[in-house]
Amino acid sequence: MKALFSEIRGAVFATLVLAIVCCGLYPLVVFGISQALFRDKANGSLIVDQDGTVRGSKLLAQGFSADKYFHPRPSAAGNGYDAAGSSGSNLGPTSQKLNDAIKGRVDGYRNENGLKSSEAVPADAVTASGSGLDPHISLHNAELQTPRIAKTRGLSEDKVRELIEQNTDGRDLGVFGGPGVNVLTLNRALDQVGTRP
């Protein structure tokens with residue numbers, strides 16, 4: 001019996017030590033390092049106004065539908081860009097529902113951007129990302145939206161292209177994927193420039 005209690009005591013002691021190390025000390029060390037070295041990223045890459053109001057995250061898309069804004073990728077996340085419902089649609093290439101949705105989005109994209117019915121539409125303009133929250137659009141997608149934005153805001157297309165360039169993120173690690181335009185930061189930059197009558 002004495003040996004049994006000795007084993008139990010050893011197991012309880014080991015559990016307490018591991019709990020303190022793994023559930024207390026290790027998370028505190030990781031938290032401290034992340035706050036010291038990567039504060040912005042560790043706190044969600046938040047976009048904060050000068051008055052301290054949080055406007056969003058550079059990592060999450062928001063819905064923009066007004067003509068004066070660049071429009072993000074469609075979202076399959078919850079009720080439109082809902083981070084709590086982040087997911088894809090789970091609709092495959094043989095899904096009639098997906099094909100109908102894409103066809104409607106293609107027609108809408110062409111209509112809002114003044115494109116001919118024969119002009120190709122970028123895939124990222126009519127399909128949702130895997131998470132439904134991708135904040136980026138392709139450079140081609142941004143270029144096709146540029147005339148609409150410039151006209152609505154009374155800006156030159158060159159000025160809008162300059163803002164696109166300033167809000168374009170490069171390839172991941174310099175080699176993976178293509179450059180992407182962050183829609184939230186671009187639309188905020190447009191608002192700072194304003195609208196000319």
Side-chain angles (χ1 to χ4, degrees), residues 1-65 70-99 101-102 105 123-139 141 166-189:
M1 194 63 134
K2 190 174 182 182
L4 176 65
F5 283 123
S6 177
E7 292 292 329
I8 291 173
R9 186 174 39 244
V12 169
F13 179 74
T15 301
L16 288 174
V17 168
L18 286 173
I20 290 168
V21 170
C22 295
C23 300
L25 296 178
Y26 177 75
L28 283 174
V29 169
V30 170
F31 176 77
I33 291 171
S34 67
Q35 289 298 310
L37 300 177
F38 312 104
R39 186 172 185 80
D40 180 55
K41 291 181 180 179
N43 292 324
S45 299
L46 299 177
I47 297 173
V48 183
D49 283 344
Q50 291 177 346
D51 65 359
T53 305
V54 175
R55 295 297 178 187
S57 169
K58 295 175 195 169
L59 305 175
L60 299 173
Q62 293 184 14
F64 290 94
S65 58
F70 282 89
H71 298 169
R73 290 184 76 157
S75 176
N79 191 15
Y81 308 98
D82 177 9
S86 173
S87 69
S89 67
N90 290 330
L91 299 175
T94 59
S95 168
Q96 189 60 46
K97 183 178 178 182
L98 177 63
N99 289 331
I102 289 174
R105 291 173 186 160
D124 66 300
V126 295
T127 58
S129 64
S131 67
L133 300 171
D134 186 355
H136 296 92
I137 59 174
S138 66
L139 286 168
N141 187 347
Q166 291 170 5
N167 290 281
T168 299
D169 298 329
R171 298 172 182 270
D172 292 333
L173 300 175
V175 293
F176 297 112
V181 180
N182 191 304
V183 176
L184 178 57
T185 60
L186 176 56
N187 285 336
R188 288 182 49 75

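Only heavy atoms go into these numbers, but all of them, side chains included; no hydrogens, no water, no symmetry mates. Only a predicted model underlies this, so the values are computations on that prediction, with no experimental measurement involved.
- With a 4.5 Å cut-off on side-chain heavy atoms, Pro179 and Thr168 count as touching.
- Results of the side-chain contact (heavy atoms from CB on, under 4.5 Å) test with Pro135 over Leu60, Thr185, Asn182, Leu184 single out Asn182 as the only residue that passes.
- Taking CZ of Arg188 as the start and CG of Asn167 as the end, the distance is 10.5 Å to the nearest 0.5 Å.
- Of all non-hydrogen atoms in Arg55 and Gln62, the two that sit nearest each other are O-NE2, 2.8 Å.
- Within the 4.5 Å cutoff, the side chain of Leu98 has heavy atoms near those of the Ile102 side chain.
- Counting all heavy atoms, side chain and backbone alike, Pro74 lies closest to Val126 at CG-C, 3.7 Å.
- In terms of heavy atoms, Gly63 sits closest to Pro72 at CA-CG, 4.4 Å.
- For the pair Arg73 and Thr127, the minimum side-chain heavy-atom distance is below 4.5 Å.
- Residues Phe70 and Val181 form no side-chain contact, since every pair of their non-hydrogen atoms from C-beta on lies 4.5 Å or further apart.
- For Thr15 (side chain) and Ala11 (main-chain N/O), a donor-acceptor pair under 3.5 Å exists by modelled atom type.
- Here NE2 of His136 is found 11.0 Å from CG of Leu186. Values are rounded to the nearest 0.5 Å.
- Here the closest non-hydrogen pair linking Asn99 and Pro93 is ND2-O, 3.8 Å.
- Using modelled atom types, no side-chain atom of Asp134 and backbone atom of Ser129 make a donor-acceptor pair closer than 3.5 Å.
- Of all heavy-atom pairs between Cys22 and Pro27, the closest is O-CD, 3.3 Å.
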